[in-house]
Each structure stands twice: as C-alpha cells, then as structure tokens.
Amino acid sequence: MNPQNNPPQRWEDDIFDCFVRHNVSQIPYVPDAGHAHLIRRVHDQPGMTPLVLTTEEEGVASSCGAWLGGQKSVLLMQSSGVGNCINMLSLVSNCNFPFVTIVSMRGEWGEFNHWQVPMSRATPGSFELMGIDVKRCDTPQDVAPTVDAALYAAFASEQKIAILLSQRLIGRKEW
Amino acid sequence: MPETNIPETTKIERRDAVRRILANRGETIVVCGLGSSTYDVFAAGDDDRNFYLWGAMGGAVMIGLGLAIAQPDKPVLVITGDGEALMGMGALASVAAQNPKNLTIIVLDNAHFGETGMQPSHTAHGVELAEVATACGFESTQTIVDYDSLDAYSNTPNAANGPRLAVVKITTDNPDRALPNLDGIYIKNRLRSSLGFQPV
C-alpha cells in the first residue's frame, strides 16, 4: 500500500480514538454537521451506545445516570443547545458528577445565519456560570490533547469540562 | 376530559402506592423525581440503591435511561410525578429510541403540581402520559387506578420487549414530607458503591 494514498487522520477521528482509549461508552447527542462524522463513527462502533436526544439537557441527565451505573459518557451538541442545559447542570454540580461535553461552535466565524450568534456568544459564559471549565480547540492539532486531557481529568477525578470546537476549526457552513 | 383524569376516580394514595411498588424490589435501582416522589420513596425505606432528586426537574427519566444502559442486567425503576414527567416529556421519545428492557417508569399522577400549591397540571387538562409513551413506541403502557392492579404490576417482571411505563392515578392527598439526605455526592457514591464502584 502506498502510504501517500492514506488520507491524513481527521481531527474527528482523534476524538473517536480518545473515546475508545478512555472507554467512553455512552454518547448522547443532538446532532450538528460539525459532529456528523464522529456520530457516524460512534454508531458503527460495537460497544458504544449513541443516544439521540430531543433536547440537550437530556444528555446531561443521561450522562449522570451512566456514571451512577459505572459507565463513561460524553455529550455532543452545538453551541445553540448549551443554554438548554443550564438548570440540568445543577445535577452535575450538586452531586459532583464527572461531565464532559464537546460543543461544535456556530455563530462565531463567517457565520451566515446570525440567529446562531447570541447563544454562541453566551456559550463560554453559560458553562462558567454553572461551574463547568471551558477549553477551546482552534486548530486540528489542539483536538487530541484537549479531549484526552479532559477525559482523564473528568473520569479520574470527577471534573466538569466543556470543550468548544471553534467554527474556524470546523469550517464555516456554506449557504 | 377523559374520566381517568379526575383524581376522584382513584382511591390510590401515593405513599401506600410507593410502598407497595417497592415491597418486593429485589435488586432494583430506583431514581425518583424531585418533590413528593422523593419523599414517598424515602418513606418506603431508605436504600443504598435509591437516587433521590431534590432538583434537576425533568431529568429523572434520562438519569434512569443512562443507568439502565450501564446496568443492563439490573432492573431500573424511575418513580416520578406528572409535573416532573411533563417537563421531560421528550425523554420518553429518547427512551423509546433506546428500547431498554430493564427500565420501568412509574408516573404518580395526581394531575397537580403538589409541591408548589396544587396547581392543576396538563394531565388535569386531558394529557394522557401513558398514551404519549405508546405513541413514542413503548410496547407496554398502562394506566392504573386500583391497588390490585398496582400490586400485580409491581410484582410481575417486565414481559415487554422494551421499556414499560405505568401511570398510577393517585388522590391529591398530601402526606407529611419525609426528607432523605440532601447531599447529592453522598447519595451518588452510596449508589455507585452498591454496584461495586468505589468513590473517586
């Protein structure tokens, strides 16, 4: 096989590899185009349970339930869903649950649809208000170490971390 | 309005109901919604496998779903009220999409928001949560208005090929609060330890 024919590893696959390495088994999500490849990989992986949600706060609660039952969970959503989670994050806080969410950002880089902008702007602050640490990935090189570190910190010592995948990383949506 | 929505058609009292539901719980893990459901589950007997909610309204069913997926060989029971279930009604669709056979949801339906002054809830206006669950794809749904049916339901293992939901119509009686421990970290670690997971 000619190695030049192998496409470079995508940053989405870096996230998936971290899930496998850290034994993350429940992946609740409200979809976003920025997560589409990762969601496909989760669906194709035996032993990983994808959970399609009707609203993002459901994934906060299901992730806490997963930990009660001894499994690790990571919530996938886009920035427009972060506000939906606010009160449910009190569950994470009050019980000191580990929590990791990976958020694809809209409304911040070449955004055509300005309806995405207000919640995008409020996303880091919303997490911080509820006691969730915020990490941001702006380049493909940021993704693997950030996700790896977050999963380790969360599940080894019950920390709460939101990873924001910048719209510049994901690429703007063409209309 | 369907007659079953009128609480006067049931003689079931909430605390008796929950005591009967849990009388033969075996190794069942219980998640209970904030307010009266939490008080009723505690009043039936404290247990390491009870996860009491004091907040996070609308989250009980999804906590139960995450638990049921993580512990597929153990029965998981969510006991919650009509108000809490209504706030998380979309969760019934998310549960149906997973179809976990070990998850049972019991909604104690007095058609009112009991903790906040007994304002009528949507079920008083005709919303039937058992039918919502049916429409979501639950194979087993039931509305219970008498103790014999409740005992039969509680003592029968789930025969459906998926989750089940029962709405137990209860009177609007309001027994004294029975208050379990408020410390969520303690309650979390206690439940996890009962399943063999040590505190982090």
Side-chain angles (χ1 to χ4, degrees), chain A residues 23-31 42-43 47-75 77 81 84-99 130-131 151-160, chain B residues 29-31 33-34 49-74 76 78 84 87-100 102-103 136 182-200:
Chain A
N23 200 24
V24 175
S25 49
Q26 294 192 32
I27 313 291
Y29 66 89
V30 174
V42 168
H43 274 269
M48 248 181 223
T49 305
L51 292 84
V52 62
L53 309 172
T54 71
T55 179
E56 292 80 358
E57 66 182 301
E58 290 178 1
V60 177
S62 74
S63 292
C64 295
W67 186 246
L68 286 175
Q71 287 195 336
K72 300 174 185 174
S73 173
V74 173
L75 169 60
M77 60 177 151
N84 296 350
C85 298
I86 294 278
N87 184 52
M88 202 57 73
L89 289 170
S90 66
L91 174 65
V92 172
S93 173
N94 276 307
C95 302
N96 198 38
F97 277 109
F99 180 70
M130 293 309 291
L151 293 176
Y152 177 71
F155 298 116
S157 71
E158 297 189 325
Q159 296 184 52
K160 303 112 185 56
Chain B
I29 302 165
V30 177
V31 178
L34 79 169
R49 297 157 301 174
N50 292 349
F51 190 70
Y52 305 111
L53 287 166
W54 283 87
M57 186 165 176
V61 168
M62 289 305 292
I63 295 169
L65 177 61
L67 247 169
I69 292 169
Q71 292 286 329
D73 298 327
K74 291 201 161 51
V76 175
V78 175
E84 207 273 346
M87 187 172 283
M89 206 158 74
L92 298 180
S94 297
V95 166
Q98 299 298 323
N99 213 36
N102 59 328
L103 179 62
C136 287
L182 268 164
D183 183 345
I185 299 173
Y186 165 69
I187 297 298
K188 171 194 70 176
N189 285 332
R190 194 173 72 150
L191 170 51
R192 278 173 48 84
S193 295
S194 78
L195 296 170
F197 305 107
Q198 293 314 303
V200 168

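So you know, we letter chains A, B, ... as the sequences are listed, proteins then strands, and number each from 1.
In this structure, A:Trp67 and A:Phe155 have tilted ring planes: the angle between them lies in the 30° to 60° band.
For the options B:Ala56, B:Gly64, B:Ala68, B:Gly58, heavy-atom pairs under 4.5 Å to chain A are most numerous at B:Ala56. By number of non-hydrogen pairs under 4.5 angstrom with chain B, the leading residue of A:Asn94, A:Leu68, A:Asn96 is A:Leu68.
Residue pairs meeting the salt bridge (Lys or Arg N to Asp or Glu O under 4.0 Å) criterion with at least one member in residues 47-64 of chain A, sequence neighbours excluded, do not occur.
Residues A:Tyr29 and A:Val52 meet the side-chain proximity criterion, which asks for heavy atoms closer than 4.5 Å. A:Tyr152 places none of its side-chain heavy atoms less than 4.5 Å from the side chain of A:Ser157. Between B:Val61 and B:Leu65, the closest side-chain pair of non-hydrogen atoms is not below 4.5 Å. Considering only heavy atoms from C-beta on, B:Val31 comes within 4.5 Å of B:Leu67 through its side chain.
In this structure, B:Lys188 is positioned above the aromatic face of A:Phe97, its NZ or CZ under 6.0 Å from the six-membered ring centre and within 45° of the axis.
With a threshold of 4.5 angstrom between heavy atoms, B:Phe51 approaches chain A through side-chain atoms but not through N, CA, C or O. Both the backbone and the side chain of B:Ile69 come within contact range of chain A, each with at least one heavy atom under 4.5 Å from a heavy atom of that chain. B:Leu53 touches chain A through its side chain: at least one heavy atom from C-beta onward sits under 4.5 Å away, while N, CA, C and O do not. For B:Ala97, the part sitting under 4.5 Å from any heavy atom of chain A is the side chain, from C-beta outward, and nothing else. For chain B, the nearby part of A:Pro50 is the backbone; its heavy atoms alone come within less than 4.5 Å. Contacts between A:Ser73 and chain B at a heavy-atom distance below 4.5 Å are absent for every atom of the residue. A:Glu158 touches chain B through backbone and side chain together, each having a heavy atom under 4.5 Å away.
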